[in-house]
Amino acid sequence: VFEVTALPLFDPADLLAAAESVEPLPHTIARLATLVADPDFDIRDITETVSLDVSLTADLLRRANAAALGHRSTITSVQDAVVRIGPSMLLSLSLASGVGRRMLHALPAYGLRPGALWERSVAASIAAEAIRSRARVPVPPEVGTAALLHDFGKLVLAKHFGKQVLETLALAAATDGTDLLETERIVFGITHADIGAAVAEAWGLPLTIVDGIRDHHEAHPDLSPVSAAVGLACAMSFEITTLEPDDHEL
């Protein structure tokens, strides 16, 4: 078990460098995120950006027509499809196509079976959209994307350290009665939330998304609407997903 010291046992700079070296997102997704996060976005700019990506266009039209079941007319244009599913859903859809496969693998270091991290992330994104539709204050449309990525930092930690170090970390938290997030902070100098935010920043995603990922475990009055909604969505995701008996949260 790690001995708690005043200084982290690992160099946080190494972890941040690992975060920044994660395979970049396709340019289309980063561009879409910037457009959707702009309160004055023009639907024509979004349509043009999507149209440049053949794979995303095909996926968008398929999803839009699935959402339009019961309607007689078939959606054939990108702009009609964007209007049908909305910018927020479009951004989450495009991001899912870019990172979804990376989140399907098992993470034994976290006790997560294959697909569990992705299921939890999708559940959080759905919860964030529900919160956005019912919130008393305006919540930006990129909240669903921030929720989808809120635990991406776990992938970086798992790849960087492997199963043994992280299982020892979890054991240290259980033995000392320390919150797992605080144990990360003590041992690594930063948390999986900080690392996930660094990945999002390296990808060029809007600061609202970066902050939403970084602050999803925080609870104070100064949180932005996105950060507060992602934190709540994260908590809700545990209620709407089924975990295996040996799954545990870190």
Side-chain angles (χ1 to χ4, degrees), residues 15-64 78-79 81-105 117-118 121-122 124-126 128-129 132 139-157 159 192-216 224-227 229-230 233-234:
L15 284 172
L16 291 175
E20 292 169 359
S21 66
V22 170
E23 181 183 351
L25 287 177
H27 173 73
T28 300
I29 299 176
R31 170 66 174 159
L32 272 177
T34 300
L35 289 171
V36 172
D38 183 350
D40 300 318
F41 71 79
D42 191 322
I43 195 74
R44 291 172 296 182
D45 292 333
I46 293 178
T47 299
E48 180 181 350
T49 300
V50 173
S51 298
L52 296 175
D53 188 317
V54 176
S55 177
L56 179 57
T57 296
D59 202 11
L60 170 64
L61 290 172
R62 183 171 63 252
R63 297 294 182 92
V78 172
Q79 181 164 320
V82 171
V83 171
R84 166 65 62 181
I85 72 170
S88 177
M89 182 80 68
L90 168 63
L91 181 55
S92 294
L93 170 65
S94 64
L95 189 71
S97 69
V99 304
R101 287 188 297 273
R102 307 184 205 183
M103 301 176 76
L104 288 174
H105 299 292
L117 178 63
W118 178 239
S121 299
V122 170
S125 183
I126 293 171
E129 290 292 346
R132 176 173 176 257
V139 178
E142 62 269 24
V143 66
T145 296
L148 192 70
L149 290 173
H150 78 277
D151 272 346
F152 196 85
K154 293 179 179 180
L155 291 175
V156 179
L157 277 174
K159 183 176 181 180
H192 69 269
D194 298 317
I195 295 167
V199 172
E201 189 168 12
W203 281 344
L205 297 179
L207 287 179
T208 46
I209 294 177
V210 174
D211 291 342
I213 297 169
R214 179 180 291 115
D215 296 335
H216 76 268
S224 70
V226 169
S227 296
V230 172
C234 174

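Judged as a side-chain hydrogen bond (donor to acceptor under 3.5 Å, both in side chains), not a single pair has a partner in residues 47-57 (not counting sequence neighbours).
For the pair F152 and I213, the minimum side-chain heavy-atom distance is 4.5 Å or more. In this structure, M103 and K154 have side chains that are not in contact, with every pair of non-hydrogen atoms separated by 4.5 Å or more.
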Please set out all donor-acceptor pairs under 3.5 angstrom arising from side-chain atoms of residues 203-212, sequence neighbours excluded.
residue: W203; atom: NE1; partner: E23; partner atom: O; Å: 3.0
residue: T208; atom: OG1; partner: E142; partner atom: OE2; Å: 2.7
residue: D211; atom: OD1; partner: R214; partner atom: NH1; Å: 3.3

Could you list the donor-acceptor pairs under 3.5 angstrom formed by side chains in residues 27-36, with sequence neighbours left out?
residue: T34; atom: OG1; partner: A30; partner atom: O; Å: 3.1

Pair up each side-chain donor or acceptor in residues 143-150 with any protein partner under 3.5 Å, not counting sequence neighbours, and list the distances.
residue: H150; atom: ND1; partner: A147; partner atom: O; Å: 2.6

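Between atom CD1 of residue I195 and atom CG of residue L157 there is a gap of 3.5 Å, rounded to the nearest 0.5 Å. Summarising the geometry, atom CZ belonging to R63 is positioned 8.0 Å from atom CD1 belonging to I85; distances are rounded to the nearest 0.5 Å.
Applying the side chain to side chain contact (heavy atoms under 4.5 Å, CB included) rule to R44 yields the partners D42, Q79; only residues at least two apart in sequence or on another chain are considered. Taking S97 as the reference, nothing meets the side-chain hydrogen bond (donor to acceptor under 3.5 Å, both in side chains) condition, with sequence neighbours excluded.
Taking all atoms of both residues into account, the shortest heavy-atom contact from C234 to H216 is SG-CD2, 3.9 Å. Across all their heavy atoms, F41 and P87 have their closest contact at CZ-CG, 3.5 Å. Looking at every heavy atom in both residues, R132 comes nearest to S88 through NH1-CB, 3.9 Å. Across every non-hydrogen atom of R102 and P24, the tightest pair is NH2-O, 3.8 Å. Between S21 and A18, the shortest heavy-atom distance links the atoms OG-O, 2.9 Å. Contact record, A233 with A128: CB-N, 3.6 Å, taken as the closest heavy-atom pair.
Side-chain N or O atoms of S121 include one that pairs as donor or acceptor with a backbone N or O of L117 at under 3.5 Å. Here the side chain of S94 pairs a donor or acceptor atom with the backbone of L91 at under 3.5 angstrom.
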